[in-house]
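Note that ligands are numbered from 1 as they come in the structure, with each ligand's atoms numbered from 1 the same way. The first residue in the sequence is number 1, and the count goes up from there. These numbers come from the heavy atoms of this one structure, side chains and all, not from hydrogens, waters or symmetry mates.
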Amino acid sequence: MADTRRHRPTTVTITGAGGQIGYALMFRIASGGMLGPDRPVRLRLLEIPQGVAGAEGAALELQDCAFPLLTGVDVSTDPAEGFDGCNIALLVGARPRGPGMERADLLAANAGIFGPQGAAINAAAADDVRVVVVGNPANTNALITAASAPDVPADRFTALTRLDHNRALGQLSAALDTPVGEIRDVTIWGNHSASQFPDVTHATVAGRPVHEALAERLGGEAAATAWLDETFIPRVAKRGAEIIQVRGSSSVASAANAAIEHMHDWVLGTADGWTSAAVVSRGEYGVPEGLVSSFPVTAQDGAYRIVEGLSLDPRARARLDASVAELDEERAAVRALGLL
Ligand code: NAD
Ligand code: LMR
């Protein structure tokens, strides 16, 4: 049996805990699915008054699961309480988009949530706090959160693009008829939006370049390039809209799964190759300093690090630049709203 006494409980705050993704997150976290079977967790569920009943109901169900790793659950509508002693913050609470909307359309509705939450993290969270923003538009909301927490190092703020990364793996696995576990070093660059760049330039499948394997399967180099440009990239970049169209509301279980994997790797390290996460740029790959952009990353010793030195051909450069230009526009819009 795992010895849970070796670790002090990790305090995990979930905002929007009464919503769809919150519900899909908390039972996996409480059963060890995020931090492993030997780390006890204490959950803080933060909601607004309109959503608090959902969080309170979920807290009752958590108790009824009798998870050995769960040392306590608090439900609150006060950010100061919700982030008290928080080691890990999953910022999910925000309005989701509906059919026909882009994620950036949520900026005006959601951006105002993240300044006060950043300030509360600054004031109340633990020194080692790590934050992932899930609520859309995730990258720019993470930018606002970081800017509102001046005493917390910028590298503790991230936004979720692991879902896009996993979507890319899923599409390649199906196209190549190969298990996901054989595929390495896919990258999501830029914004968690339709402008993102899912990049397979450096990706391998069972040790071979993905492009070579695609060419073999699809009948040549040109066919492989056409599939990547016309099918793979738009399918991954617009998968969120496809889910909304098919199920009538935005992704839930896959989003929760990605957030759990993002935090798992951040705390416990990446295994083989790299993954993708949106982190605060220090100018890597020409992305303006301060923007929260998706990059190829590895995690070691509790820190995400950008994989540097990868080549970007002119077409890849243009795709990354377009997504970064959108991030810049979102930052300007948030400044115009007085939120930065
Ligand atoms: P939902 O409407 O089911 O739940 C959102 C919850 O947030 C509600 O219960 C609401 O009361 C709560 N909330 C609103 N403002 C809050 C605040 N200030 N503090 C605390 N809680 C607050 O929505 P959902 O399906 O869970 O999606 C949540 C967000 O995640 C949306 O913005 C959605 O677009 C986004 N999302 C992001 C990704 C990603 O990959 N980054 C994937 C899926 C969904
Ligand atoms: C997703 O990628 O599924 C989420 O960001 C929800 C959305 O609006 O697309």
Side-chain angles (χ1 to χ4, degrees), residues 13-26 44-58 75-83 89-121 131-142 144-145 148 158-168 170 188 191-196 198 235-263 276-278 292 294:
T13 300
I14 303 174
T15 73
Q20 295 288 324
I21 297 174
Y23 194 72
L25 277 170
M26 61 183 82
R44 293 201 185 280
L45 309 181
L46 182 64
E47 258 293 348
I48 50 175
Q50 302 91 298
V52 79
E56 282 169 347
V75 180
S76 180
T77 55
D78 176 0
E81 280 176 16
F83 292 110
L90 300 139
L91 304 191
V92 180
R95 214 183 112 190
R97 66 174 166 156
M101 293 172 76
E102 289 301 327
R103 296 181 188 103
D105 297 337
L106 293 170
L107 205 53
N110 287 342
I113 295 171
F114 293 87
Q117 291 189 354
I121 288 168
V131 181
V132 63
V133 177
V134 177
N136 278 316
N139 301 51
T140 297
N141 290 338
I144 297 167
T145 315
S148 309
T158 62
L160 189 70
T161 53
R162 184 64 170 262
L163 178 56
D164 309 289
H165 185 93
N166 288 344
R167 286 168 171 166
I188 305 295
N191 201 1
H192 173 62
S193 76
S195 76
Q196 69 181 254
R235 188 95 194 264
V236 173
K238 296 179 185 165
R239 185 67 156 188
E242 182 182 348
I243 303 281
I244 290 169
Q245 192 196 4
V246 172
R247 76 185 291 272
S249 64
S250 64
S251 61
V252 178
S254 55
N257 177 65
I260 284 169
E261 290 184 350
H262 175 108
M263 271 302 170
S276 302
V292 178
S294 188

task: May I ask which of Glu47, Gln117, Met101 has a heavy atom nearer to atom 19 (N) of ligand 1 than the others do?
output: Gln117
message: Please list the nearest protein heavy atom to atom 42 (C) of ligand 1 with its residue and the distance rounded to 0.1 Å.
response: Ala255 CB, 3.5 Å
message: What verdict does the side chain to side chain contact (heavy atoms under 4.5 Å, CB included) test give for Arg97 and Asp105, after you've listed the backbone C-alpha separation in whole Å, the side-chain angles of each residue and the deciding distance to 0.1 Å?
response: CA-CA 8 Å; Arg97 66 174 166 156; Asp105 297 337; over 6 Å; no
message: With side-chain contact (heavy atoms from CB on, under 4.5 Å) as the test, pick out the partner of Gln117 among Val133, Thr15, Ile144, Val131.
response: Thr15
- prompt: For the side chain of Asn141 and the backbone of Pro137, is there at least one donor-acceptor N/O pair under 3.5 Å apart?
  reply: yes
message: Within the 4.0 Å heavy-atom shell around Leu160, which atoms of ligand 1 are there?
response: 39 (C), 40 (O), 41 (N)
Nearest-neighbour protein heavy atom for atom 5 (C) of ligand 1, which is reported as residue plus atom name and distance: Ala94 O, 3.5 Å
task: Starting at OG1 of Thr161, measure out to CG of Asn166 and round the result to the nearest 0.5 Å.
output: 10.0 Å
- line: To atom 37 (C) of ligand 1, the nearest of Thr13, Val134, Val132 on a heavy-atom basis is Val134
- request: Compare every heavy atom of Ser250 with every heavy atom of Pro96, then report the nearest pair and how far apart it is.
  value: CB-OG, 3.7 Å
message: If you count every heavy atom of other residues, nucleotides or ligands that lies below 6.0 Å from Glu242 atom CD, does the total exceed 12?
response: yes
- request: For His192 and Arg162, run side chain to side chain contact (heavy atoms under 4.5 Å, CB included): C-alpha distance rounded to whole Å, both residues' side-chain angles, the deciding distance at 0.1 Å, then the answer.
  value: CA-CA 10 Å; His192 173 62; Arg162 184 64 170 262; over 6 Å; no
field: Atom pair CG (Asn139) and CG (Asn191), whose distance is rounded to the nearest 0.5 Å
entry: 4.5 Å
- line: A student checking ligand 1 against Leu46 at a 4.0 Å heavy-atom cut-off should list atoms 20 (C), 21 (N)
- prompt: Just distances here: any N/O of Ile21 and N/O of ligand 1 closer than 3.5 Å?
  reply: yes
task: List every atom of ligand 2 that sits less than 4.0 Å from any heavy atom of Ser250, numbering the atoms from 1 in the order shown and giving each element.
output: 6 (C)
task: Starting from the C-alpha separation in whole Å, work towards a yes-or-no answer on side chain to side chain contact (heavy atoms under 4.5 Å, CB included) for Thr77 and Ile48.
output: CA-CA 5 Å; Thr77 55; Ile48 50 175; 5.8 Å; no
- request: Among all protein heavy atoms, pick out the one at the shortest distance from atom 18 (N) of ligand 1; state its residue, atom name and that distance to 0.1 Å.
  value: Ile113 CG2, 3.4 Å
message: Counting non-hydrogen protein atoms only, what is the nearest one to atom 21 (N) of ligand 1? Give residue, atom name and distance.
response: Gly16 N, 3.3 Å
- prompt: Any N/O of Ser251 closer than 3.5 Å to an N/O of ligand 1?
  reply: no
Ile243 contact mode with ligand 2 (heavy-atom cut-off under 4.0 Å): neither
- request: Considering heavy atoms of the protein only, find what lies nearest to atom 14 (C) of ligand 1 and give residue, atom and distance to 0.1 Å.
  value: Ile48 CD1, 3.7 Å
- request: Could you say whether the N/O atoms of Arg95 and ligand 1 ever approach to under 3.5 Å?
  value: yes
field: Heavy-atom closest pair, residues Val132 and Leu160
entry: CG2-N, 3.9 Å
Heavy-atom gap Lys238 to ligand 2 smaller than 4.0 Å: no
message: Going by the closest heavy atom to atom 5 (O) of ligand 2, which one wins out of Arg239, His192, Gln196, Glu102?
response: His192
query: When rounded to the nearest 0.5 angstrom, what is the spacing between OG1 in Thr13 and CG in Leu91?
result: 8.5 Å
- request: Could you name the option among Asn139, Asn136, Asn110 that has the heavy atom nearest to atom 36 (N) of ligand 1?
  value: Asn136
Shortest protein contact, atom 7 (C) of ligand 2 (heavy atom only): Arg97 NE, 3.2 Å
query: Within the side chain of Ser294, is there an N or O that forms a donor-acceptor pair under 3.5 Å with the backbone of Ile188?
result: yes
- request: Provide the number and element of each atom of ligand 1 under 4.0 Å from a heavy atom of Gly18.
  value: 9 (O)
message: Return the closest protein heavy atom for atom 29 (C) of ligand 1 as residue, atom name and distance.
response: Val92 O, 3.3 Å
task: Can you pull out the closest protein heavy atom to atom 3 (O) of ligand 1? Residue, atom name and distance to 0.1 Å, please.
output: Gln20 N, 2.9 Å
- request: Determine yes or no for a side-chain-to-main-chain donor-acceptor pair under 3.5 angstrom, with Glu81 supplying the side chain and Asp78 the backbone.
  value: no
query: When only distance counts, is Asp164 in polar contact with ligand 2, meaning an N/O pair under 3.5 Å?
result: no
- request: Could you check atom 4 (O) of ligand 1 against the protein and tell me its nearest heavy-atom contact, residue, atom and distance included?
  value: Gly19 CA, 3.3 Å
query: Quick one: which ligand 1 atoms are inside 4.0 Å of a heavy atom on Leu163?
result: 40 (O), 42 (C)
- prompt: Does Leu106 offer a backbone N or O that forms a donor-acceptor pair with the side chain of Arg103 under 3.5 Å?
  reply: no
query: Taking both backbone and side-chain atoms of Gly93, is any N or O found less than 3.5 Å from an N or O belonging to ligand 1?
result: no
task: Please report the closest heavy-atom contact between Leu163 and Ser254, naming both atoms and the distance.
output: CD1-O, 3.5 Å
field: Numbered atoms and elements of ligand 1 in range of Pro96, under 4.0 angstrom, heavy atoms
entry: 2 (O), 23 (O), 31 (C), 32 (O), 33 (C), 34 (O)
- request: Please work out which of Leu160, Asn136, Thr161 has its closest non-hydrogen atom nearest to atom 4 (C) of ligand 2.
  value: Asn136
statement: Under 4.0 Å from one or more heavy atoms of His192, ligand 1 contributes atoms 38 (C), 39 (C), 40 (O), 41 (N)
